[in-house]
Amino acid sequence: MKKEEVASPAAATVVLLLLSSSLAAVSGQPQPQPQPGGSKQTAANNPRLQKAYVALQALKRAVTEDPKNLTQSWCGPDVCGYFGVYCAAAPDEPREQTVAGVDLNHGDLAGTLPEELGLLADLALLHLNSNRFAGTLPESLPKMRLLRFNELRGPVPPALFDKPLDAVFLNDNAFDFELPDSLGNSPASVLVLANLRLRGCIPRSVGRMAGTLAELVALNSGLRSCLPQELGWLRELTVLDLSSNQLQGMLPESMAGMHSLQQLHVARNELWGHVPEGVCALPALRNFTYSYNYFCSEPSRCLDVRHVDDRQNCIAARPDQRPADQCLAFLHRPPVRCDDSGCFAPPPPHY
């Protein structure tokens, strides 16, 4: 299947994040060693941190309003001690420290983004969500080579979701793993798992993220399961994109409790049955895309959603639906059985 590029639903934010340094930390990768003689690595004795100093000072100068004084500590050569700045072992030289992340999320900062940001060539995390930056993105951003799609492979340590991270973006890599039960421990407000090789199902523990999770994007991620009822507990969720997977079964009735939901995308799965009326009645829902499934009916109020896409289903009297033979063939398939966690259950034994 062709990979789909993930676009942020919040056009006014800049969130560019790949948690390579965090993954290294929870996987036991070697940490940077002190400079010869035991001196602390700062901009005074580390060329990488010297460039970071120039970049961070330029960003500080470009900030015109800092009501929370987040950049007040940005003074002197110890850039790894600056608020919101995270250092880790350099990817090509583990003995050297480098700036791996800058997280000023929810800072209410105003200003512009300077060209000097391109000096942060080892940056893997740039999280500037919920600020008031204006202007254009610096042309130097492509120099941040770790901010692009990667081909990181293997499993993701379950301990990652125990970390106090506000956003977890693992998208567009070759990770191959099952979502662990520890997923529900994450305090993240944004979780992007798109274009991966996930196995298994969405764990029921996702319901424990009810008070914090605002965006969940897992399109084209290899999910093959039913949807657990606990998904409907995510009352703070504004964006849910589970399109282009192998999801089966029905949409949980519990999703009628997702009162903050604005965008719901479940297209290109194998969902069927009746679209719950409570979902279409969600007060904030503006975009509901459930095309290319096998739904057989929908409440009339679904058509009142500002943008609705119900194409290529099996809904009588609606335009652009699947041919009747496709719908009949699907209905004659053995029914999918899901266990209490929403995962596919083995078929019952035959006696």
Indicate the atoms forming the closest heavy-atom contact of [X] with [Y], along with that distance.
| X | Y | answer |
| --- | --- | --- |
| Pro203 | Pro180 | CG-O, 3.5 Å |
| Pro283 | Arg286 | O-NH1, 3.3 Å |
| Leu303 | Glu298 | CD2-OE2, 3.7 Å |
| Ala100 | Ala88 | CB-CB, 3.9 Å |
| Asn269 | Leu247 | OD1-N, 3.1 Å |
| Phe295 | Ile315 | O-CG1, 3.4 Å |

With sequence neighbours left out, write down each residue that passes side chain to side chain donor-acceptor pair (under 3.5 Å) with [X], or none if nothing qualifies.
| X | answer |
| --- | --- |
| Gln312 | Asp320 |
| Asp66 | Thr71 |
| Gln72 | none |

Should the pair [X]-[Y] be classified as a salt bridge under the 4.0 Å nitrogen-to-oxygen rule?
| X | Y | answer |
| --- | --- | --- |
| Arg48 | Asp92 | yes |
| Lys68 | Asp108 | no |
| Glu178 | Arg197 | no |

Handout entry: ring-ring contact (aromatic ring centres under 6.0 Å, His included) contacts in which one or both residues fall within residues 83-113, not counting sequence neighbours
Key =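 Counting only pairs at least two positions apart or across chains, no ring-ring contact (aromatic ring centres under 6.0 Å, His included) contact touches residues 83-113.
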
Handout entry: Pair listing, ring-ring contact (aromatic ring centres under 6.0 Å, His included) test, anchored in residues 230-261, at least two apart
Key =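 For residues 230-261, and leaving out neighbouring residues, there are no ring-ring contact (aromatic ring centres under 6.0 Å, His included) pairs at all.
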
Backbone N/O of [Y] and side chain of [X]: donor-acceptor pair under 3.5 Å:
| X | Y | answer |
| --- | --- | --- |
| Asn131 | Gly107 | yes |
| Lys60 | Trp74 | yes |
| Ser221 | Ala194 | no |

Handout entry: For Phe161, all residues meeting ring-ring contact (aromatic ring centres under 6.0 Å, His included), sequence neighbours excluded
Key =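 Phe161 satisfies ring-ring contact (aromatic ring centres under 6.0 Å, His included) with no other residue.
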
Handout entry: Which residues share a ring-ring contact (aromatic ring centres under 6.0 Å, His included) with Tyr294, sequence neighbours left out
Key =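 ring-ring contact (aromatic ring centres under 6.0 Å, His included) list for Tyr294, sorted by chain: Phe330.
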
Handout entry: Side chains of His274 and Ser297, donor plus acceptor under 3.5 Å
Key =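 Yes, Ser297 and His274 have a side-chain donor paired with an acceptor closer than 3.5 Å.
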
Exercise for the section: Check whether the side chains of Asn313 and Gln321 place a donor and an acceptor atom closer than 3.5 Å, and report yes or no. Expected result: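 Checked: Asn313/Gln321 side chains show no N/O donor-acceptor pair below 3.5 Å.
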
Exercise for the section: State whether the SG distance for the cysteine pair Cys296/Cys314 is less than 2.5 Å. Expected result: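 The answer is no, since Cys314 and Cys296 keep their SG atoms 2.5 Å or more apart.
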
Cluster overlap [X] with [Y], hydrophobic side-chain contacts below 4.5 Å:
| X | Y | result |
| --- | --- | --- |
| Val308 | Leu285 | yes |
| Leu242 | Tyr292 | no |
| Leu216 | Phe177 | yes |
| Leu126 | Phe133 | yes |
| Leu123 | Val63 | yes |

What do you reckon, is [atom1] of [X] surrounded by more than 12 foreign heavy atoms closer than 6.0 Å?
| X | atom1 | value |
| --- | --- | --- |
| Arg132 | CZ | yes |
| Trp272 | CH2 | no |
| His332 | NE2 | no |

Handout entry: Test disulfide bond (SG atoms under 2.5 Å apart) applied to Cys201 and Cys226, step by step
Key = CA-CA 7 Å; Cys201 55; Cys226 301; over 6 Å; no

Please tell me if the side chains of [X] and [Y] come closer than 4.5 Å, counting only heavy atoms from C-beta onward.
| X | Y | value |
| --- | --- | --- |
| Leu251 | Tyr290 | no |
| Pro114 | Arg61 | no |
| Val275 | Phe288 | yes |

Practice task
Begin from the C-alpha positions of Asp162 and Asn185 and carry the test side-chain hydrogen bond (donor to acceptor under 3.5 Å, both in side chains) through to its verdict.
Solution key: CA-CA 6 Å; Asp162 294 321; Asn185 300 338; 2.8 Å; yes

Practice task
Evaluate the criterion side-chain hydrogen bond (donor to acceptor under 3.5 Å, both in side chains) for residue pair Ser244 and Asn220; output intermediate values, then yes/no.
Solution key: CA-CA 5 Å; Ser244 299; Asn220 191 31; 5.7 Å; no

Handout entry: Step-by-step side chain to side chain contact (heavy atoms under 4.5 Å, CB included) determination, Glu215 to Thr238
Key = CA-CA 6 Å; Glu215 298 181 16; Thr238 61; 3.9 Å; yes

Exercise for the section: Could you pull out all residues at least two apart from Ser254 that satisfy side-chain contact (heavy atoms from CB on, under 4.5 Å)? Expected result: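 Ser254 satisfies side-chain contact (heavy atoms from CB on, under 4.5 Å) with Gln229, Pro252 only.
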
Practice task
Can you run down the salt bridge (charged side-chain N to carboxylate O under 4.0 Å, His left out) pairs that involve residues 245-256, sequence neighbours left out, and say none if there aren't any?
Solution key: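 For residues 245-256, and leaving out neighbouring residues, there are no salt bridge (charged side-chain N to carboxylate O under 4.0 Å, His left out) pairs at all.
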
Exercise for the section: Kindly state each residue pair satisfying salt bridge (charged side-chain N to carboxylate O under 4.0 Å, His left out) with at least one member in residues 304-313, sequence neighbours excluded. Expected result: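 Residue pairs with at least one partner in residues 304-313: Asp309-Arg311, Asp310-Arg318.
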
Handout entry: Derivation and outcome, side chain to side chain contact (heavy atoms under 4.5 Å, CB included), residues Val79 and Val99
Key = CA-CA 8 Å; Val79 296; Val99 172; 4.2 Å; yes

Exercise for the section: Name all residues meeting the salt bridge (Lys or Arg N to Asp or Glu O under 4.0 Å) criterion together with Arg235; count only those two or more places apart in sequence or in a different chain, and write none if there are none. Expected result: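 Partners of Arg235 under the salt bridge (Lys or Arg N to Asp or Glu O under 4.0 Å) test: none.
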
Exercise for the section: Can you tell me which residue pairs pass the disulfide (SG to SG under 2.5 Å) test with a partner in residues 88-127, sequence neighbours excluded? Expected result: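 Checked against disulfide (SG to SG under 2.5 Å) - neighbours excluded - no pair reaches residues 88-127.
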
